[in-house]
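To start, the structure under review is shown below, and the notes come after it.
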2 protein chains.
Amino acid sequence: MSLIPIRPGAQSGGGRPAAPAAESGRRDAARNRELLLCAAREIVEESSVDALTMDRLAQRAGVGKGTIFRRFGSRAGLMMALLSDAEAEFQGRFMFGPPPVGPGAPPLERLIAVGSARIAWTLEFGELARAADASAYNRFDVPPAVLWQRHLEMLLREAGVTADPWLMASALGAALEPELLLHSVGVHGIAPERLAETWRELVTRVVGGP
Amino acid sequence: MSLIPIRPGAQSGGGRPAAPAAESGRRDAARNRELLLCAAREIVEESSVDALTMDRLAQRAGVGKGTIFRRFGSRAGLMMALLSDAEAEFQGRFMFGPPPVGPGAPPLERLIAVGSARIAWTLEFGELARAADASAYNRFDVPPAVLWQRHLEMLLREAGVTADPWLMASALGAALEPELLLHSVGVHGIAPERLAETWRELVTRVVGGP
DNA sequence: AATATAACCGGACCGCAGTCCGTTTAGCAT
DNA sequence: ATGCTAAACGGACTGCGGTCCGGTTATATT
């Protein structure tokens with residue numbers, strides 16, 4: 001299984017433009033892309049994710065608004081691009097990294113570890129992740145989400161959970177959604193360790209551990 | 001424990017107007033309220049939830065846009081009002097209805113039954129429920145959501161799950177979110193019975209069933 | 001170097017949710 | 001009946017995400 005690209009060519013957000021797939025020659029396009037990502041990071045850094053409006057970004061980057069949408073398809077697409085590095089790093093960890101998050105540990109241990117890691121990751125990048133959720137239906141079908149779910153599915157299978165692994169993975173994955181985690185911590189003041197502990201409990205019981 | 005009101009006085013959606021709490025005298029207000037709900041149902045019926053824009057509704061009901069926001073606080077608030085009856089009926093079922101959804105059956109059976117019922121309910125009213133989710137953080141803190149989660153929490157406790165029931169209920173509740181259920185059925189063509197079956201499996205394992 | 005052309009650029013434009021504030025009116029007190 | 005006042009009304013206005021299309025420019029061809 002090879003790495004699933006983080007930035008799908010077409011964000012499919014109704015965008016017709018067939019996607020500027022890879023680096024498609026035009027150097028100004030690439031330049032503007034970097035310009036935009038850079039300006040976007042600046043805005044997020046010095047204000048907040050919500051402060052990143054498309055008009056503001058366009059003005060800041062000295063670029064037309066149309067250009068943003070051509071490159072990224074939508075606001076969510078832009079956020080995904082911003083998340084790309086963090087997401088790739090996380091994918092690398094659970095697919096190729098050292099145990100217990102990476103391969104080499106028993107499946108239950110991996111489930112527990114990867115859940116904790118995901119919780120920590122979400123608390124760090126969650127605001128971006130939230131903004132990157134294409135609010136539409138296809139939120140779950142975006143490549144990184146699919147890869148993540150497949151991974152949970154595989155771990156569950158290895159751990160001996162045979163019943164409908166796809167749905168089981170969806171259900172468990174739902175417990176790690178940014179919206180929920182950020183809400184628990186931000187609004188209800190739950191400590192991150194308690195989140196991890198509950199995940200451990202949940203997944204242990206599900207795989208029928210001791 | 002008494003019934004939690006479905007239509008919170010203030011939707012707290014940034015609305016300053018202190019909420020038109022109960023029926024506050026003014027008859028024209030009540031009239032307009034019904035007018036709006038009625039027109040809203042018509043639009044949803046003859047088109048779709050997405051077709052219900054505030055401008056359209058205002059025009060259709062022959063009422064100013066400001067009036068809508070005064071009464072319902074936000075689009076999400078309006079959707080909640082539209083859902084109110086269905087939600088109340090469902091609350092009645094799991095709180096006072098006949099077993100196994102209502103009280104009287106063993107907790108695990110109740111968990112299984114109420115989950116199935118919720119799935120069916122969501123597939124019927126899910127579009128509205130989705131639109132009723134205040135997209136903000138407080139989505140989980142709206143009265144019906146709180147009541148629902150408390151109920152799950154109680155059932156879990158009764159079933160002998162001692163570890164952090166609040167979070168456990170959140171996690172399990174996440175598996176029943178409209179967004180996820182509608183996506184599974186609508187996009188991936190999962191049969192509702194499989195959803196119910198997976199819920200059964202999940203919750204059975206969590207409470208340490210056979 | 002000159003030309004052709006496909007891709008790219010930018011900002012005017014659209015529909016939307018939500019806000020604001022001057023105007024109207026229902027209900028009460030006299 | 002009449003006048004008072006708090007409440008409700010309504011539509012112009014804002015800022016947002018997203019689209020469109022005429023003008024511009026980088027690259028390939030000759």
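Keep in mind that this is a model prediction, so the values were computed, not measured. Chain naming here is simple, since letters A, B, ... match the order of the sequence lines and numbering starts at 1 in each. Quick note: numbers below take in every heavy atom, side chains included, and nothing from hydrogens, waters or symmetry partners.
The phosphate of C:dC8 has neither OP1 nor OP2 within less than 4.0 Å of any side-chain N or O from A:N32. Taking only side-chain nitrogens and oxygens, B:T67 never comes nearer than 4.0 Å to OP1 or OP2 of D:dA8.
Put simply, CG on B:L57 is 14 Å from P on D:dG11, counting in whole angstrom units. Rounded to an integer number of Å, the gap from A:I68 CD1 to D:dG17 P is 9 Å. For A:R70 and D:dG17, the CZ to P distance is 18 Å, given to the nearest whole Å. Atom CZ of A:R33 is separated from atom P of D:dA26 by 20 Å (rounded to the nearest Å). Whole-Å rounding puts the A:F72 CZ to C:dG10 C1' distance at 16 Å. Separating the CZ atom of B:R71 from the P atom of D:dG10 is a distance of 12 Å, rounded to the nearest angstrom.
Side-chain contact between A:F140 and B:V187 is absent, with no heavy-atom pair separated by less than 4.5 Å.
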Please write out each protein N/O paired with an N/O of nucleotides 14-17 of chain C under 3.5 Å, distance rounded to 0.1 Å.
unit_1	atom_1	unit_2	atom_2	d
C:dA17	OP2	B:M54	N	2.9
C:dA17	N7	B:K65	NZ	3.2

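Closest of all the heavy-atom pairs between B:G115 and B:W199 is CA-NE1, 3.3 Å.
Judged as a side-chain hydrogen bond (donor to acceptor under 3.5 Å, both in side chains), the pairs with a partner in residues 47-58 of chain A (not counting sequence neighbours) are, in order, A:D55-A:K65.
Remark: B:F125 pairs with B:W121 by the ring-ring contact (aromatic ring centres under 6.0 Å, His included) rule, at least two apart or across chains.
In this structure, A:Q59 places its CD atom where only 12 or fewer heavy-atom neighbours from other residues, nucleotides or ligands lie under 6.0 Å away. Around atom CZ of B:R60, more than 12 heavy atoms belonging to other residues, nucleotides or ligands sit under 6.0 Å away.
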